[in-house]
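Everything below concerns the one structure shown next.
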Amino acid sequence: MTNKLNHMLERSFPERRVFLRSDNDTRYMRISPLTQLIAFTGSTVFAAWLIIATAIILMDSIGSGNLRDQANRDLVLFENRVAELAHERDMRAEEAAAAQARFTTALEQISVMQSQLLASEERVRELEKGVEVVQANLRKALKARDTAEADKTELLAQLNGETGGKNGMSALEAEATVDVLADALSDTASERDEMVVSASQAMKMAEALETDLKLMEEKNDRIFTQLEDAVTISVAPLDKMFKSAGMDPDQLIETVKKGYSGQGGPLTPITFSTKGGIVDPDSMRANAIINKMDQLNLYRIAAQKAPFSLPLKDAFRMTSPFGPRWGRMHKGQDFASAYGTPIYATADGVVTFAGWQSGYGRLVKIQHEFGIETRYAHQSQILVKVGQRVSRGEQIGAMGNSGHSTGTHLHYEIRVQGKAVDPMTYIKAARDVF
C-alpha cells in the first residue's frame with residue numbers, strides 16, 4: 001500500500017535524498033513522496049492556523065480597543081451625570097432652607113397680625129359698649145325731657161287756673177319751678193345732642209375698624225394660602241421619597257415622635273379666640289399649617305436617620321449592582337474610585353462594628369433608626385470606633401482593597417431587620433429631594 005502511494009506521488013513529490021558527509025564516512029537519508037506529502041500538508045495546515053489565529057487576535061484587539069473607548073466615554077458621561085445630580089441636590093437643599101426661612105418669617109408676620117387683630121377686636125368691643133352706654137344715657141335724657149315737659153305743662157295749667165293750686169303752690173313758686181325745669185330741659189337737650197354726635201363718631205370709627213378688619217382678614221387669607229402651598233410643596237417630595245423606599249410615613253412619624261416627645265415652642269398648636277371657647281377659622285388654618293410644619297420637621301428628622309445619601313462625595317463608578325453574581329447573591333452595591341477615597345456615613349447612627357471580618361476585610365457597621373443597618377466593606381483605613389455616634393455625611397473611613405476583593409472599591413450594604421435590600425432603592429428615592 002505504501003509502495004503504491006509512493007508510486008502515485010512520484011510525479012508530484014519525487015523521491016529525494018539528503019546526504020550527510022563526515023570526515024570518514026558519507027551517509028544519506030531518503031525522503032519518500034508520502035513523507036514529503038505529510039510534511040507539506042502539516043506545514044500548510046500550520047501556516048493556515050497561524051494566519052487565522054493572527055487575524056482573530058488582531059480583530060479582538062481592535063474590538064476591545066473600541067469597547068474600552070466606549071466604556072471610557074460611558075464613564076465620563078456617568079461622572080458628569082453624578083456631578084449634575086449632586087449640584088441639583090445642593091440646589092434642592094438650599095431651596096428647602098430658603099423655604100424654611102420664608103415660612104419662619106411668615107409665621108412671625110402672622111403672629112404680629114393676629115396681635116393687631118386681637119387689639120382691633122378689643123377696640124371694637126369697647127366701642128360697642130360705649131355706644132350702648134351712650135344710647136342708654138340718651139334714652140334716660142329723652143325720658144327726663146318728656147317728664148320735664150309734662151311737669152311744665154301741668155305747671156302752666158296751674159298758673160292759668162285750669163287746675164287748683166297743687167300743694168298750695170303760689171304763682172311765683174310755680175313760675176320759678178317752670179324756669180328751673182326749662183333750664184334742666186335745655187341742659188338735657190344739649191347733652192342729648194352731644195351724645196348723638198359721640199354716637200355718630202363711634203359708629204364711624206366702628207365702621208372704619210370693621211373695614212380694616214376685613215382687609216386684614218383678606219391679607220391673612222392670602223398669607224395662609226401661600227403658607228399652605230409652601231408646606232404642601234415641601235412635604236410632598238419627602239412623603240414620596242419614603243414611600244419609594246418602601247417605608248411607611250405614618251409609622252416613621254410615630255417612631256420619631258417617641259424620641260422627640262417634648263412639648264412647647266413655636267410649633268405648639270395655638271388658638272386665637274378672644275373668648276377661649278370656640279376656635280375661629282384662622283386659628284384652625286394656623287394650627288393645620290403648624291401641624292404640617294411639624295410633620296415636615298419630623299420627616300426631615302427621619303430623613304437624617306435613614307440612609308438616603310451616597311457614601312461617597314468624590315467621583316466614582318458603579319461596578320457591581322445588588323443581585324445574583326457568579327452563582328451567588330451579591331447583597332450590596334459596589335462603588336469604585338481611587339485608593340483612599342473618603343467614605344461617609346449615609347445616615348445618623350451608632351457604630352456597632354469596626355474591624356476585620358473575613359471576606360469583608362476592614363468593615364464598619366452602623367445601626368440606624370427604624371431597624372436599618374449599613375455596612376461599608378473593603379476599607380483601607382477605619383476612622384471610627386464601636387459605640388461612637390456618627391452623623392450623616394461624617395467620614396468613617398477610606399476606600400481600599402482589603403478582604404476578598406479584586407480591586408479598590410467600596411462594598412455598600414443596607415439591611416432592614418437583618419435582611420439585605422438594594423441600596424439603590426434609597427439612593428434613587430432621595431435623588432429629587434437631597
Side-chain angles (χ1 to χ4, degrees), residues 1-20 28-85 310-312 314-341 358-362 377-380 398-413 420 422-424 427-428:
M1 184 68 178
T2 304
N3 292 330
K4 289 181 179 181
L5 289 174
N6 286 328
H7 181 70
M8 291 173 60
L9 297 172
E10 184 70 28
R11 185 174 298 176
S12 299
F13 297 97
E15 184 180 82
R16 300 181 183 277
R17 294 181 180 180
V18 178
F19 289 90
L20 303 173
Y28 69 90
M29 182 176 62
R30 186 176 64 180
I31 304 176
S32 64
L34 182 58
T35 303
Q36 294 181 42
L37 177 62
I38 293 171
F40 177 76
T41 303
S43 300
T44 303
V45 171
F46 177 75
W49 174 82
L50 185 62
I51 292 171
I52 293 172
T54 303
I56 291 173
I57 292 174
L58 289 174
M59 292 175 65
D60 183 67
S61 176
I62 294 172
S64 62
N66 293 333
L67 291 175
R68 283 194 297 272
D69 294 338
Q70 182 64 34
N72 291 331
R73 288 193 295 270
D74 293 342
L75 176 60
V76 172
L77 291 174
F78 177 77
E79 291 177 348
N80 292 336
R81 178 58 180 164
V82 169
E84 292 176 358
L85 290 175
L310 285 166
L312 302 174
D314 295 345
F316 64 87
R317 60 188 179 93
M318 298 181 183
T319 54
S320 184
F322 178 88
R325 184 183 69 175
W326 304 334
R328 300 177 60 186
M329 185 65 182
H330 184 234
K331 297 182 179 180
Q333 174 70 49
D334 289 348
F335 300 90
S337 188
Y339 190 89
T341 299
S358 62
Y360 284 108
R362 293 184 182 88
H378 307 308
Q379 298 188 41
S380 62
M399 187 179 296
N401 190 25
S402 59
H404 295 168
S405 172
T406 58
T408 300
H409 75 286
L410 167 66
H411 173 83
Y412 175 58
E413 285 187 21
D422 189 356
M424 294 306 298
I427 294 173
K428 290 178 180 178

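Model, not experiment: these values are computed from the prediction. What you see below is based on every heavy atom in this structure, not just the backbone, and it leaves out hydrogens, waters and symmetry mates. Residue numbers run from 1 in the order of the sequence given.
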What is the minimum heavy-atom distance between [X] and [Y], and which atoms define it?
| X | Y | answer |
| --- | --- | --- |
| Gly340 | Ala398 | O-CB, 3.7 Å |
| Ser337 | Ala315 | OG-O, 2.8 Å |
| Asp314 | Phe316 | O-CD2, 3.3 Å |
| Leu410 | Ala377 | CD1-O, 3.6 Å |
| Pro321 | His330 | O-ND1, 2.8 Å |
| Met329 | Pro324 | SD-N, 3.8 Å |

Backbone N/O of [Y] and side chain of [X]: donor-acceptor pair under 3.5 Å:
| X | Y | answer |
| --- | --- | --- |
| Thr341 | Ala338 | yes |
| Thr319 | Ala336 | no |
| Thr408 | Asn401 | no |
| Gln36 | Ile31 | yes |

Can you tell me if CE on Met318 sees more than 12 non-hydrogen neighbours from other groups inside 6.0 Å?
->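 Yes, CE of Met318 has more than 12 neighbouring heavy atoms, counting only those of other groups under 6.0 Å.
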Counting heavy atoms not belonging to Phe40, are there more than 12 under 6.0 Å from its CZ?
->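 Atom CZ in Phe40 is not packed in, count stays at 12 or less.
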Do Arg325 and Asp334 meet the salt-bridge criterion of a basic N to acidic O distance under 4.0 Å?
->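 Answer for the salt bridge query: yes.
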Please work out whether the ring planes of Phe335 and Tyr412 are parallel, tilted or perpendicular, with thresholds of 30° and 60°.
->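 Correct class here is tilted.
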Residue that, paired with Tyr360, satisfies side-chain hydrogen bond (donor to acceptor under 3.5 Å, both in side chains) out of Gln379, Glu413, His378, His411 |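 Only one of Gln379, Glu413, His378, His411 forms a side-chain hydrogen bond (donor to acceptor under 3.5 Å, both in side chains) with Tyr360, namely Glu413.
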From [atom1] ([X]) to [atom2] ([Y]), nearest 0.5 Å:
| X | Y | atom1 | atom2 | value |
| --- | --- | --- | --- | --- |
| Met399 | Ser405 | CE | OG | 10.0 Å |
| Ile427 | Asp422 | CD1 | CG | 8.5 Å |
| Leu85 | Leu310 | CG | CG | 9.0 Å |
| Phe322 | Lys331 | CZ | NZ | 8.5 Å |

With sequence neighbours excluded, residues passing side-chain contact (heavy atoms from CB on, under 4.5 Å) with Ser32 =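 Scan of Ser32 (side-chain contact (heavy atoms from CB on, under 4.5 Å), adjacent residues dropped) gives Asn6, Leu34, Thr35.
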Give the intermediate values and the outcome of side-chain contact (heavy atoms from CB on, under 4.5 Å) for residues Arg81 and Leu77.
-> CA-CA 6 Å; Arg81 178 58 180 164; Leu77 291 174; over 6 Å; no
